[in-house]
Protein chains: 2
Amino acid sequence: MTVQDERADAARNRRAILEAANQLFASSHSPRDVSMDDIAAAAGVGKGTLFRRFGDRASLVRQLYAIRLAPLREKIESGPPPLGPTAAPRERVAAIIDALALVKLQNSHLMLALEEGGGPASSVYQSPDYLAVHGLLADLIAADIDRHRAAWIAHMLLACVRADLLRHLVEVDRMSHAKIRANLIDFVERTLSP
Amino acid sequence: MTVQDERADAARNRRAILEAANQLFASSHSPRDVSMDDIAAAAGVGKGTLFRRFGDRASLVRQLYAIRLAPLREKIESGPPPLGPTAAPRERVAAIIDALALVKLQNSHLMLALEEGGGPASSVYQSPDYLAVHGLLADLIAADIDRHRAAWIAHMLLACVRADLLRHLVEVDRMSHAKIRANLIDFVERTLSP
DNA sequence: GCATAATACGGACTGTTAGTCCGGTTGTCA
DNA sequence: TGACAACCGGACTAACAGTCCGTATTATGC
């Protein structure tokens with residue numbers, strides 16, 4: 001057992017917790033309805049174990065989020081066009097926004113938990129994930145479209161795919177996923193045009 | 001004393017509570033740092049009084065918000081152009097977004113409290129205020145720009161003036177209020193152009 | 001002024017939650 | 001197999017939103 005490996009029981013519990021948390025968030029109307037006690041109980045694990053593994057609620061949610069985002073991250077970092085690095089900047093920005101929207105639509109429960117519960121002073125905007133995608137978008141926009149307003153435009157595009165807005169469009173405005181994505185792509189293209 | 005008037009002590013306490021709450025939210029880093037006990041104590045009032053007047057935390061925050069928003073609402077409903085009803089739709093939309101951003105920048109503490117703490121399942125998007133301004137913007141956009149995408153565009157424009165985004169732009173990206181508003185106006189105009 | 005009833009007050013109380021702590025247990029390795 | 005490090009569980013704490021009811025204040029009719 002090398003030093004950074006966890007013990008077998010620890011690994012088993014970690015998986016059980018992630019699984020249970022994901023399940024509970026998915027089947028709850030609001031992330032607030034899911035308490036840490038609920039998650040521990042559903043995972044068949046003591047509360048102490050849950051908190052020792054994940055530190056606090058926000059970290060648990062972030063790990064769940066990271067797991068769901070990993071495939072997209074992979075495609076963006078080293079996949080084929082239009083998401084990968086060899087795509088033309090303009091198409092790549094549109095593809096990234098569309099893919100983000102898709103992931104958020106498909107995992108809205110988790111995304112809501114992430115954007116909501118963060119923690120006292122923790123803004124979504126300071127999370128490594130937001131910073132990374134914002135930085136990438138800003139670079140792409142700066143390279144091809146508008147050097148001066150790149151950071152600004154990147155923020156605006158990301159504001160348009162916030163999980164709570166998407167959720168509202170789906171659940172209250174009854175807009176289909178397809179229509180949301182079509183509108184979004186159109187919107188991005190207009191925004192990126194001169 | 002007519003039936004809808006409140007007793008003198010009740011009126012005094014209501015004002016004290018609103019004042020104290022506003023003060024506390026303004027001087028706190030995050031709305032979460034301000035508890036209802038804090039507000040009651042600062043207002044020199046018992047907790048029961050606070051909850052009897054306002055029902056719950058979300059209502060209190062909404063009332064504070066409504067007070068700050070009242071002047072703008074007034075200008076939009078019956079003021080002169082560019083905010084009032086006689087303005088050309090395109091200019092009016094831009095003016096409304098700009099004015100909203102200004103109010104939010106000037107009252108960021110309250111706006112954060114509103115967008116954050118809402119309540120279990122209460123989305124910002126279902127509040128009467130959001131619905132009202134979204135409806136107005138959608139109507140204006142439908143009348144003059146794009147009938148088909150009006151509701152969508154209105155949502156996107158409002159997403160761009162969310163309090164937490166504005167706060168991030170100010171406090172982390174160190175963007176000046178003037179620059180934010182300039183970028184925003186430019187962005188809105190581009191969005192509303194064919 | 002004063003009696004009276006309606007109204008409002010305050011703070012002790014409840015229920016729930018995130019997060020901590022430590023005595024006991026289990027897995028790993030020699 | 002034995003020893004020890006890592007891990008486990010759930011009782012515990014602190015803090016919070018929201019409730020309740022005996023007491024105090026206010027308006028009103030006389």
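Numbered from 1 within each chain, the chains take letters A, B, ... in sequence-line order.
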Within the 4.5 Å heavy-atom criterion, are B/M156 and A/L165 side-chain neighbours or not? yes
If you measure from the Lys or Arg side-chain nitrogens to the Asp or Glu carboxylate oxygens, is any gap between A/D9 and A/R14 under 4.0 Å? no
Where along nucleotides 11-21 of chain C does protein come under 4.0 Å, by heavy atom, of base (B) or sugar-phosphate alone (S), with - for untouched nucleotides? B-----SBBBB
Indicate whether the side chain of B/H168 and that of A/Y130 have a donor and an acceptor atom separated by less than 3.5 Å. no
Rounded to whole Å, CD1 of B/I17 lies from C1' of C/dG10 at a distance of 12 Å
Rounded to whole Å, CZ of A/R53 lies from C1' of D/dC8 at a distance of 10 Å
I need the CD-P distance between B/E6 and C/dA8, as an integer number of Å. 8 Å
Is it the case that B/D33 and B/S30 place a side-chain donor and acceptor less than 3.5 Å from each other? no
Nucleotide D/dA27, atom P - distance to CG of B/D9 in whole Å: 7 Å
Option among B/R68, B/R62, B/K104, B/R73 that satisfies the salt bridge (charged side-chain N to carboxylate O under 4.0 Å, His left out) test with B/D129: B/R73
Please determine, for the side chain of A/R7, which listed nucleotide (C/dT28, C/dA8, D/dC8) has the closest atom? C/dT28
Pick base, sugar-phosphate or nothing for B/R14, based on heavy-atom distances below 4.0 Å to the nucleic acid. nothing
Donor-acceptor contact present, side-chain A/R92 to main-chain A/L83, <3.5 Å: yes
Atom CZ of B/R12 and atom P of D/dT25 are separated, to the nearest Å, by 11 Å
Distance, rounded to the nearest Å, where A/N13 contributes CG and C/dT26 contributes P: 13 Å
Mind calculating the distance between CZ (B/F54) and P (C/dA8) to the nearest angstrom? 13 Å
